[in-house]
Every structure is written in C-alpha cells, then in structure tokens.
Amino acid sequence: MKEKPPPAQKDIVQQTTLEPLLPEDAGAVHGEATPPGPADDSLTSLEEAPSYEAMRVNEKYSSLPAAVDRGVHIINIRAIDDLGYLQSEGTLLNSLAVDPDANCKYGLYFRDGQRKVDYILVYNYKRTSGHNILARVLHVDPSLGSQNLKQEPLPGKDGPLDAGEIDHHEDDKRSRREEYESNLLEAGLELEKDEDTKIHGIGFVKIHAPWNVLCREAEFLKLKMPTKKMYQIHQSRGLLKKINSVLQKMTEPIQPRVAGNRSQSTKRLSFTFSREKQHLFDLSDKDSFFDSKTRSTIVYEILKRTTCSKASMGITSLLANGVYTAAYPLHDGDFEGEDVEMNDRKILCEEWATYGAFYKYQPIHLIRKYFGEKVGLYFAWLGVYTQMLIPASMVGVVVFLYGCLTVDGNIPSMEMCDQRNNITMCPLCDQTCSYWKLSSACATARASHFFDNPATVFFSVFMALWAAMFMEHWKRKQMRLNYKWDLTGFEEEEAHPRAEYEAKVLKKSLRKDCRTKEIDKEKLTWKDRLPAYLTNLVSFIFMIGLTFAIVFAVIIYRISTAAALAISSSPSGRSNVRVTVTATAVIINLVVIIILDELYGSIARWLTQIEVPKTDKNFEERLIFKAFLLKFVNAYTPIFYVAFFKGRFVGRPGDYVYIFGSFRMEECAPGGCLMELCIQLSIIMLGKQLIQNNLFEIGIPKMKKFFRYLKQQRPIDHEESTKKKQRYEVDYNLEPFAGLTPEYMEMIIQFGFVTLFVASFPLAPLFALLNNIIEIRLDAKKFVTELRRPVAVRAKDIGIWYNILRGIGKLAVIINAFVISFTSDFIPRLVYHYMYSSNGSMHGFLNHTLSYFNVSDFQAGTAPNDPMELGYSVHICRYKDYREPPWSENKYEISKDFWAVLAARLAFVIVFQNLVMFMSDFVDWIIPDIPKDISQQIHKEKVLLVELFMKEEQGKQQMLETIKEKDNLQGDNCNNHSPPFTRTQRGSTASRCSYHVAI
C-alpha cells in the first residue's frame, strides 16, 4: 500500500481540511470541522489536540488542483459568487475535473481511491450560518508544533459569531470525539471526515485499517487464515461415489450460481495468523487477503477497546451517550441497476434474496463470507430445519388423508350421525338452553376423525423421532461448517465487560475506601443484584398472572356469549353457537398474544438490563431465556387450557360447577375437545406466522424507513439534487441491525407448534414448511436490502438456542402422550374394544361413553324454560361422562369404567413417554455428532501442520549449519592468505573478513 509522503519542511506549511488524516504525520493538527466562528474559539479547540491532523469539511471540491498542490491557496467559491464571477455553482468544477466521487466509488474508498473504507462512525452536529463555506486554510509551523497555529478568515466571511451560540453539550461531544479519534489514530487507524452530505446535520468519519494494523489485530484475535499449503479432501469411492455423482446432477438446477458453492476436491491448510510466519501465507494479493468482513471485525475490536476520558468502553459508551449516533461497516455496493458493478451483495440479491429462488439451496458460504459466521449459522440452521420439515409434512398429509378416507367407516361417528338412535342430550346451559339431539353434532364428529384416528399415535411417535433426527442432523451439519469455515479449534475468549457493568462497578468502588481495595478487583456479587432479582421474580409472577387472567377473561367471554346466543331469536345463531364462540374466542386470543408478545419482549430486555450482566454473551443468554419463557407462556396458555382443562371440571347435570356463582363451566363437544384444540392451534399458528412474522417484518421496516426519509427532507440546491449519494449515506438510511434474537424466537415458537401438539394437528409441519420457504427469502431480502450490514461475529454453534430446542423436543414427547391419552378418545376406544365390546367391534361405544340423568333431579332454577322444544316430553337425558345411572344405588357417582379408562390413560402416558424417550436417545447415541470424513480431515490437518513446521525447522537448521560452514571457511581463508598480525590487529582483520547473512 502506498503511504502518503510527509509534508515538505518549510517555515509555514499550508494544509487544508480536504487532506485525509494519516497517523504518521507528526505534529499535525486535528480539527472537528467546526462551523466558522471566532478565530479564538477555533484556535482553542485545535490547540487542545496538538497531535491531530485536519479533517475534511467539504469534500465535493477535493478535485481542485489546490487539493493536490499544497503551495496553492484554496479559493472560497462563495466569495467568488458574491463578486459576480461565478454564474453557476457547478460550472467551475465541471470545467476543472470529472465527478470526484467516481474515483472513490461513491464512498467505498477514501478520496485517494486506494484506501478502502472499513467502518463508518456517524455523529450529529449543528450547522451555523457560515458553515457552508468551502474550506479553512490552516497554517502550521512544523518547528513550533501547534503553538503558531492560526486560522485565516476567508473571503465572504461575515465576521465572528458569538461564543454563546455554541451549545455547551454539543461542544462537550465534539471534544470527546476529537479525543477518541486521536486515540484511534494512535492505534494505527486512518480517518477521513465528511460533513458535506445530503443529510442535514450529519457527519461521517471514514475509517481505514492499514496492512500492519490488520496483521497485528489478526494475530491478537487468533484468526485462522489459509496458508500456501493445499491438500486433497477425502473423496468417497465405489458405489457411494456414484450415488453422490447422481445426486449432484439431480440437484444441479436447484444449486445457486455462486462461485465456490460446490464441493471442492482440495482445501488450503489454515493456521492461526502470525506476523512472524507471514511466509507461510499466500500474500500475493494483500488487498484481498483480509476480506471486508474480517476487516470490519478487526476495526470494530479496535473501536471497542479504544477509550477516551468519559468512555470507559469505547464505541459502546460513546453510542450510548449520543457522542456518535451510529457505527456500522459498509455494504459492498449497490444491488440493483444495470450498470452496477458485480459484488457479493448483488450476487446475494440475485441468487438468494429473491422469491424466485425459493426452490434453490442457500449460498451458505457466501452468506458467511458477507455477514459472518453467526448470521451464516442462523441461515444454515433455518435451511436444515426447513429441509427436515419436508418429510414431516409428507407424513402429516398422509395421516390427514387417512382420516379423510376412513371417516365413512368410523363406527362411533356413524352412530352419532344416525338419527334413528334418537339420543336426547342434556342442556348445555341453565334455563335458556333446551334439550338437543346428538345427531346435530354429526359434522363435528366426522371432522374430529380427520385428526383423531389411530394414525395420530403413529404420527406422534414419528414426530418425536423426527425431532431427535433433526437435532442430530444439525449437529453434523454444524461440524461440517466448522471444518469448512476453519472454526474447529475456535474457542470463545472472555469478552470485554459491558459499559453498564463497568459503570456499576466504578460506582460501587467509589462508595468504598479505595486505599484498602483496588478498583480492578471490584465486581458485582449476588447481593448487588438482589434488588434486580427480586424485581425479576415479581415481574414474572405478575406477567404470567396477567396471561392467565386474560385467558380466564376469554373463558368468561365464551360462556357468556354461548348463553346469549342460545336465547337468540335466529335459528341459525342457535345452531352455530359452538362454532361462533370458538372462532371469535380464538381470534381474541390471537390479537392478545401478538400484543403481549411485543410488550413482553420489551419488558424482558428491561429486566435483563437491570441485572447488569457482565458480558454481551451473558446479556444475550439471559435476555433470550426471559423472552422465550414469557412468549412461550403467552402463546401456549390458551392451547394448554383447551387441551387439558376444558371440560374436566364441569360437574354433572344437577350439580354443575359455576364461576362467580352464575357462569357454568363450558363443556367439550360430544366428539371431544380435540377438534377445538385443532382449531385453536391452527388459527394461532397461522395468524402469528402471517401477521407477526411476515406482515410486521415487511411493513414495520418500510414504515420506519419512510419516516426517516421524511425527517431528513430539506431544501437542497440543484447540485445536491443531481449528486449521487455516497455509500455511507445510503447505508445510514437503512434500518440498524437488531440482532438475531427475534429471528430465532419466531422459529423456536413455530418449532413448538410443530412438535408440542402435533397429535391434534398433523398439518402443522406443512404450514410451517410453507411459511419457512417464504421466511428464508424474506429474511434474506431484509438482510441484504433493508438492514445495515452487521458486524461479523465468529461463532461455532447457535448457542443457547440448541438447548432450548432440545428442551422443547423432550417436552413434546410428554405433551403428546397426554394429548393422546386425555384429550382424544383413543384410549377410551381402546379400552372399550378390548374390555367391553361383545363382538370385538366399536358398535355400542357411543352409548358406553354417555351417562343417564333424570330431569326431575335438576336443581331449582336450572331446568330448561322450554322443555318441549323437541316436540316431546323428556324424562331422561344423556351427558358425556362415566357415572352411575339414576336407578342405581349410588346414582350419579363415578363408575368403575371411569377408573378403568383412567388407569389405561396413565399407563399409556408412562409407556409412550419412556418408549419414545428411549428411541430418541438411541437415535442420538447411534448417530455420531461428527461425520467420519470430517473427523478424518481434521486429523489430517493436524498431521499436515506438524509436518509443515517440522520441515520449516529442518530448513532453518540446515541454513544455520550452512552459514556456520561458510563462516569457518571464510575464517580459514583469511588466516591462510594474510601475514601474521599482532593481538591488536586481529580484531580489525576479523572485522574485514566478517559479513552479514540474511535469513
């Protein structure tokens, strides 16, 4: 890389703010490009930082000859305009040079067009009336440093401004920026400032990391880089090779057209970068040795650890205090337009971030190259999850079709639909409801068979094993990615403490005697966090109680609405009471869930902040755990109620259970609660995916971007309107990257819908698959086009999310066991078939599950107001329960059949749970976490590294021996061809005969 030549040593060196900042310019002056004001104010602010060099203010005029020749003064264009010589602002510029922004690729490089912009810092500043002048001319005497620094007033300047106009708070921010930027220069970074942008009041600091800084930081961060050594990757042979070849040809159309996406036969040996061993690495092209992702990561590490007087945690503290408003790496360039130069962002947009590529594989390696390992692992996990949903969806569809095809042969539903049975059911509510025919629930019974059939049990077992297979498949895929991305030996080091933690520790230390205890040894204990823990506990109890209260309120709504519709004058209203109540209640639940999801996410973040975790990793893990727990309770509480509580505590005719003394607990339909559970699950799952996951992700970022655009609108002149925006200006208008927690969270909640209650809704995997196909492209489009480029973060796994997935998989086995046993009629049918059926068929099962009630035993005020609604007098009605008939000695008591069915249900739960758990653990044990070929390649890499270093050591030893032999021969020659010398002369002779050998 070409270094800038030092300024000529003259008595007075003229430098302008158009010159970029270089750390090697000794004695340079650093200015923040403050608005023109009193000369004394400017002088004071510049004298405070004698080691700085002037930054640019107005870079759109940098193509003028004065910017190159330091002996020429820059002319104030405004002054010329005032004299009447300049008819148009752009005339003079266009006549002198072409568009200066094209040289720097519109913000991707410094103004010299050679140094790449690795990072951007953004800050706010206040323009004054004289801020739009072209430039300041600074006179620096190198021999006197900053003592002779003075600022000459430029033509057209209206005179000094009152110092009181400068806000003290803004002045403090400016001084902190100057100090911080000076420290960045000392750290080796190169800076260039631009305040002449189309965004009013926004300044940009461009940061470039030179080669020596990149090498130093790569060694500190222990980055693995490819060496010159290449080796052959183990290839399959025989039949397996032919199968792989056929699969590659079959999958050719669905592979993205991205270089390096196919499997390679060779791989470069990677080794931790070291400046002492640079000869091992391929440094033929230093500009591309460290890619843009790595460069931005290195710069971000420097920004984090570089501090100033009021920012103990570097850029984190400065962003929190508003000294800088944003900090981000740049995208590689534009992604749309015919004349746009091809770059990684454009390739990702064309091959990945488009709905037309929904059938293609993701270019995971390019995603990792552009966004980093952490983002790459998320999309790799999402891709594996979506692929695994394909077989689950197919089996779910088969189970659903089996229910559809066998519904006509289902004897219990046929008996319920047979009007000849003439079964009269007891009223569903007090007084207003009358007796009703069981055959009126025929449609519900037939629909229940779609999901409640023998194939449902098989599907539950299959999904439990599917979850175990998915986790094992992901672990193997993760190990392959770790090998290909050179993360096999990567171990996360202890991260820097967060700024909030440091501030809390400092505050604690100030309360103690610093003479007896050093500040560095202070840390936060559980006693310091006890108030935060208590606040967390109380808040969690309150929020979970709030969720339960809302579910209870919806139950009251269902009961009261059912009673109101029962007395409706409309026959259609009375006949569709159950459907109307269920649908409206589920919609209310969905709206409440979406609202509380957003609220609980904010509360979880606040609760995590008051705990003051030490590192960002601890903060993220605690936030994820809290947010998941709250959102899990919020999303699944209504479903748990329908699955396990509805219809369980109803009572019986003549002795019902009442809420608040007047509302009777609601019952399940004659076909059971499984159909209602299916409706509840499907509406909540589809509603969350459609509204929260898709519409919100598309709509909210676009609305924020539109409001930001309106906020930044201001009157601009003709030249600014035709001037193309710089890359950092365009990226500033994008939405900041908020992390991967929301993306993971919505997929984890969906994973719960797919696995936890899959026994009641076999089509859940299919709807999840359709959603994820859209979700992948939606997230891709958001990352590529809507968000600022995130800082690349190295990671070898998905972190705490894997443990949450395993927990959900284990919980799914237990919940599905209880759903099959207690929610569906699978166990009662099984018990009847083997214990009570006279001919081994299901004939008579419906009558077996219904008990008798004498209408004369109704409590006072609970009998129907219109007992003759069916056209005949009713003396005995039926209700679903296992109780003794009214003519029994223990009338209405629980019968022996109930205990037999309960015992069978509990036995099934125990057997199902242990059997499926054993099968899942067996799958986990039999499938190795690391593929065999990957373990062989990792071992091969270690052997090759040892061989490489052994050869290097042998080469060094041979070279030293050769040098020693040459020294001995040279010494012998000197002794043989020289006359004898005295003791004092031998030293000079040895000096004449010695020489330096470069190794």
Please test Phe289 against Thr294 for side-chain contact (heavy atoms from CB on, under 4.5 Å), starting from the C-alpha separation and ending with a verdict. CA-CA 9 Å; Phe289 183 73; Thr294 307; over 6 Å; no
Sequence neighbours excluded, which residues qualify as side chain to side chain contact (heavy atoms under 4.5 Å, CB included) partners of Asp282? Lys228, Arg268, Ser284
Arg789/Asp332 ion pair, N-O < 4.0 Å: yes
Tell me whether Asn183 contacts the main-chain N or O of Thr307 through its side chain, where contact means a donor paired with an acceptor under 3.5 Å. yes
Listed by chain and number, what are the side chain to side chain contact (heavy atoms under 4.5 Å, CB included) partners of Val122, not counting sequence neighbours? Ile120, Ile202, Phe204, Thr325, Ala326, Tyr328, Tyr732
Euclidean distance, Asp334 CG relative to Leu108 CG, rounded to 0.5 Å: 8.5 Å
Kindly indicate, with the supporting measurements, whether the criterion ring-ring contact (aromatic ring centres under 6.0 Å, His included) is fulfilled by Phe290 and Phe273. CA-CA 11 Å; Phe290 296 105; Phe273 186 82; 5.7 Å; yes
Could you state the interatomic distance from CG (Leu121) to CZ (Arg177), rounded to the nearest 0.5 Å? 10.5 Å
I'd like to know if the side chain of Asn321 reaches the main chain of Val323, judged simply by a donor and an acceptor atom lying under 3.5 Å from each other, with no hydrogens or angles considered. no
Trace of the side-chain contact (heavy atoms from CB on, under 4.5 Å) decision for Ser292 with Asp344: CA-CA 10 Å; Ser292 59; Asp344 288 343; 5.8 Å; no
Which distance, rounded to the nearest 0.5 Å, do you find between the CG of Leu303 and the OH of Tyr119? 6.5 Å
Do the side chain of Glu192 and the main chain of Arg111 share a donor and acceptor less than 3.5 angstrom apart? yes
Under-4.0 Å salt bridge between Arg176 and Glu179: no
Whether Asp118 side chain and Ala209 backbone form a donor-acceptor pair below 3.5 Å: yes
Between atom CG of Leu787 and atom CG of Asp779, what is the distance when rounded to the nearest 0.5 Å? 9.5 Å
Let me see the working for Lys277 and Phe271 under side-chain contact (heavy atoms from CB on, under 4.5 Å), right down to the final yes or no. CA-CA 10 Å; Lys277 300 183 181 298; Phe271 180 66; 4.0 Å; yes
I'd like to know if the side chain of Glu190 and the backbone of His208 have a donor-acceptor N/O pair within less than 3.5 Å. no
Donor-acceptor contact present, side-chain Thr297 to main-chain Ala792, <3.5 Å: yes
Could you go through the side-chain contact (heavy atoms from CB on, under 4.5 Å) check for Lys781 and Thr354 one step at a time? CA-CA 7 Å; Lys781 199 170 186 65; Thr354 174; 5.8 Å; no
Taking atom OG of Ser274 and atom NE2 of His279, what is their separation to the nearest 0.5 Å? 9.0 Å
Quick check: does any side chain N or O of Ser182 sit under 3.5 Å from a backbone N or O of Glu178, one acting as donor and the other as acceptor? no
Polar side-chain atom of Tyr728 near backbone of Val117 as donor-acceptor pair, under 3.5 Å: no
Go through it in stages, so that I can follow the logic: the residues are Phe379 and Phe783, the test is ring-ring contact (aromatic ring centres under 6.0 Å, His included), and I'd like the CA-CA distance, side-chain angles, deciding distance and then a yes or no. CA-CA 11 Å; Phe379 282 104; Phe783 271 78; 5.4 Å; yes
Does Arg305 use its side chain to pair, donor to acceptor, with the backbone of Gly314 at less than 3.5 Å? no
Could you state the interatomic distance from CG (Asn733) to CD (Glu786), rounded to the nearest 0.5 Å? 12.0 Å
Basic-acidic side-chain contact under 4.0 Å: Lys369, Asp291: no
Check: Arg275 main-chain N/O paired with Glu219 side-chain donor or acceptor under 3.5 Å: yes
Please determine whether a side-chain nitrogen of the Lys or Arg among Arg257 and Glu351 lies less than 4.0 Å from a carboxylate oxygen of the Asp or Glu. yes
Could I get the full list of side chain to side chain contact (heavy atoms under 4.5 Å, CB included) partners for Lys346, not counting sequence neighbours? Val340, Met342, Asn343, Glu350
